[in-house]
Each structure stands twice: as C-alpha cells, then as structure tokens.
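Taking it in order: structure first as structure tokens, then the write-up.
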Number of protein chains: 2
Amino acid sequence: MRALADCRDFTSAQELYALLLAGDHAIGLTTVYRALRELEADGGVDVVREGTGGRLYRLRLADGHRHYLMCRDCGRSRPVDSEAVEEWASRIAADTGFTAVEHTVELTGVCTDCLRCADACRPSSGDEGDERPCHWDRAPDPRDRARSCAS
Amino acid sequence: MRALADCRDFTSAQELYALLLAGDHAIGLTTVYRALRELEADGGVDVVREGTGGRLYRLRLADGHRHYLMCRDCGRSRPVDSEAVEEWASRIAADTGFTAVEHTVELTGVCTDCLRCADACRPSSGDEGDERPCHWDRAPDPRDRARSCAS
DNA sequence: TTGTTTGCAAAAAGTTTGCATAATC
DNA sequence: GATTATGCAAACTTTTTGCAAACAA
C-alpha cells in the first residue's frame, strides 16, 4: 500500500511488483495480485483497464470513488469532476428499471505537456539535440508510460 | 458480419468463432480476430471490456457511436441515451486542455427479467419444479451469459 | 506472377491456482 | 498446534504473430 501510494498514478500489478523489488522488498508477484484484488473488493483503489486488457490501480482518494482523465502519452492521471456521469448513471438505472447498476468510465487524452513536447520535436528537422525532455520517438505502447516530460 | 449481426448483443471473438463453426462456416479464429480488429478500427462495432479482460463486440447501430446498458446476468444489452456523458466528456476536454480526448463507458446492472427470475426461485424452499425459466443457479461467470430468461 | 487473404500452430502477456513452506496467533 | 499468509511454478485465457498454403488480380 505504501508503494502504491508512492506512485501517485495508475499502476499495473507488474509495475508495482517491479517497484517493490527495486525497493529491496522481498515479495512475490502472487502477493501483489492478491493484495490488489482485495483492495479492489474493499473499494480501496480505483481501477482502470488499459488497451491490452491489463488492469491499472490507483489508491482511492479520501473522498471516495472518482473518475480520472489519463494522458495516453505520459500516463499521468488527474481526477475529474464527475457529478454529471454519476447523475446520468442513476437516471439510466431509474429509467430502465435495472438494479445494481454499476458504471466504469475511462477518459484518456493527450495532456498539454505532452502535446507541447510533440509539437516541439516533431519529425521536421534535426533538432534532436534539444534539451527539452521529449518522448516523441517513444513507442506508443501504453505500458511504456514514462513520466519524464515534466512541464 | 452477418454472424455478428445475428447475435444482437455484445459477443466475444471466441463466441463468434464458435457460432460460425456451428453454422458450418469454415473459418479460423485468427480471421475472426482480424476482422473484428478492422471493424473496430473502422468504427463498425462498439466495444466493451468484460471483467476478465476480454473484448465484446456489437455491430454499431446506424446512428453511430452509442453506449449500452448490459445485464450482468443474461448479457442482453440495450443502447441508452448518452448525450449527457458526451457533453461531460467534451467539457472535461475543454476544461483541462487535453486533446484527442476519448472515453469508454460501461454500464452494467441486472435487468428486470433477471431480477424477477432471481426473486421467483431464490433459495427459499423447494420450488425448483417451477416451469418459469430461471438461471439463478448459474455460475456468475460473465462468459456464461445465457439468453434463456425470456420475459 | 505478384500480391493479398487465410488458418494452423506457437508465442505473448496478464492473471489465477495448486501446493508446500514460512510466519503468526 | 492451528490458522493464515507467502511465493514459486505451472495452468489458464485471450489475443497476436510467424509462416506456409490457398486464393485473387
């Protein structure tokens, strides 16, 4: 849980496992999965699914269930105001007569930092020597999410 | 595509493959996956993810991108009015400055039919001889979605 | 003949489970 | 001593890829 709190963004079980190992914590992958599953059941984490089917976990904020907007490039996420969706979901439940209605909402985009990065070093000419952090040339794999593009 | 149109609910690649084989169509699983991937890229299908990470596909209605409310018990889905979420997503995009904002929304619940079924044959006493279709005793595995509980 | 489509088998990737060991009460 | 937690290895599921055969232009 401490490790999960340290990475303040959505993190996969495997990432968390690697982080724990790197931090000199002897732990098994199974234990990480089990702990995350329990946390999920207890509502201690918000969960989001990445394109490849994996799950990403983020420690739930004190104020409960939230939705997030995540940058597809750097992976950073921020909670967003989601009253409107909550109300919408309740209304659907009421209108249709469905019970125990649950919703998952995933919002992704490209954050302003990453957009700036992309603009700055787009494949125009040879300005690769630019000292600005940039990951334009990274693989577009969501698992490669790097947090290097500081604003 | 015809097979996909026939099952009017969200269907997995494997299910579709099985259906095609059962319908005497010689086809390979790979081809099914490839076709679904192309359909997804072309926007020809709506996609939701099931709990285990699998993808479910449903031929997109003529009026374009929709969201659905799916019964966790019988698997039947119905399009819902989702203007509110679309507007909400646009507003988030505008407020945060994120570009290329995409959203996925999954709504699940228990439909009135399945609720009735559950109520009718709940483990109270020995009314198992009831002729009413019921799947109360089914495994709660989302892949077992049966469409047997006709209203 | 050149290029595209197909499908089998094998590989990937992520997650869960069996089971024996270690820790805890 | 009994119960729970741990972790390795193996199983499992879903999806993708390598590659050769079939088909099409």
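Computed from a prediction, not measured in an experiment: that's the story for all the values here.
Between the CG atom of Leu56(A) and the C1' atom of dG14(C) there is a distance of 12 Å, given to the nearest Å. Leu36(A) has its CG atom 13 Å from the P atom of dT6(D), to the nearest Å. The separation between Glu15(B) atom CD and dT13(D) atom C1' is 14 Å, rounded to whole Å. Protein atom OH of Tyr17(A) is 15 Å distant from nucleotide atom C1' of dT16(C), rounded to whole Å. Between the CD atom of Glu50(A) and the P atom of dT15(C) there is a distance of 8 Å, rounded to whole Å. Remark: P of dG7(D) and CD1 of Ile27(A) are 6 Å apart, rounded to the nearest angstrom. Rounded to whole angstrom, the span from the OH atom of Tyr33(A) across to the C1' atom of dA9(D) amounts to 15 Å. The distance between atom NE2 of His25(A) and atom P of dT6(D), rounded to the nearest whole Å, is 13 Å.
The side chain of Gln14(A) approaches dG14(C) more closely than any other nucleotide in the set dG7(D), dG14(C), dT14(D). Side-chain atoms of Leu29(A) lie closest to dT15(C) of the nucleotides dT6(D), dT15(C), dT16(D).
Heavy atoms only, all atoms of each residue included: Cys114(B) and Cys74(B) are closest at SG-CB, 3.6 Å. Closest non-hydrogen pair, Leu59(B) versus Ala5(B), comes out as CD2-CB, 3.7 Å. Minimum interatomic distance between Glu15(B) and Phe10(B) (heavy atoms only, all atoms of both residues): OE1-O, 4.4 Å.
Arg78(A) and Thr96(B) share no donor-acceptor pair across their side chains, judged by distance under 3.5 Å alone.
The main-chain N or O of Val110(B) is never found under 3.5 Å from a side-chain atom of Asp73(B) such that the two would form a donor-acceptor pair.
Residues in residues 45-66 of chain A take part in these ring pair (Phe, Tyr, Trp, His ring centres under 6.0 Å) pairs, two or more places apart or across chains: His65(A)-His67(A), His65(A)-His103(A).
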Anything under 3.5 Å between a protein N or O and an N or O of nucleotides 17-25 of chain C, put it in a table, one pair a line.
unit_1	atom_1	unit_2	atom_2	d
dT17(C)	O4	Thr30(A)	OG1	3.4

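When heavy atoms are screened at a 4.0 angstrom cut-off, Gly53(A) is found touching no nucleic acid atom at all.
Both Val85(B) and Val80(A) are part of a single hydrophobic cluster, where members link through side-chain heavy atoms under 4.5 Å apart.
The side chain of Thr52(A) places no N or O atom within less than 4.0 Å of a non-bridging phosphate oxygen (OP1 or OP2) of dA13(C).
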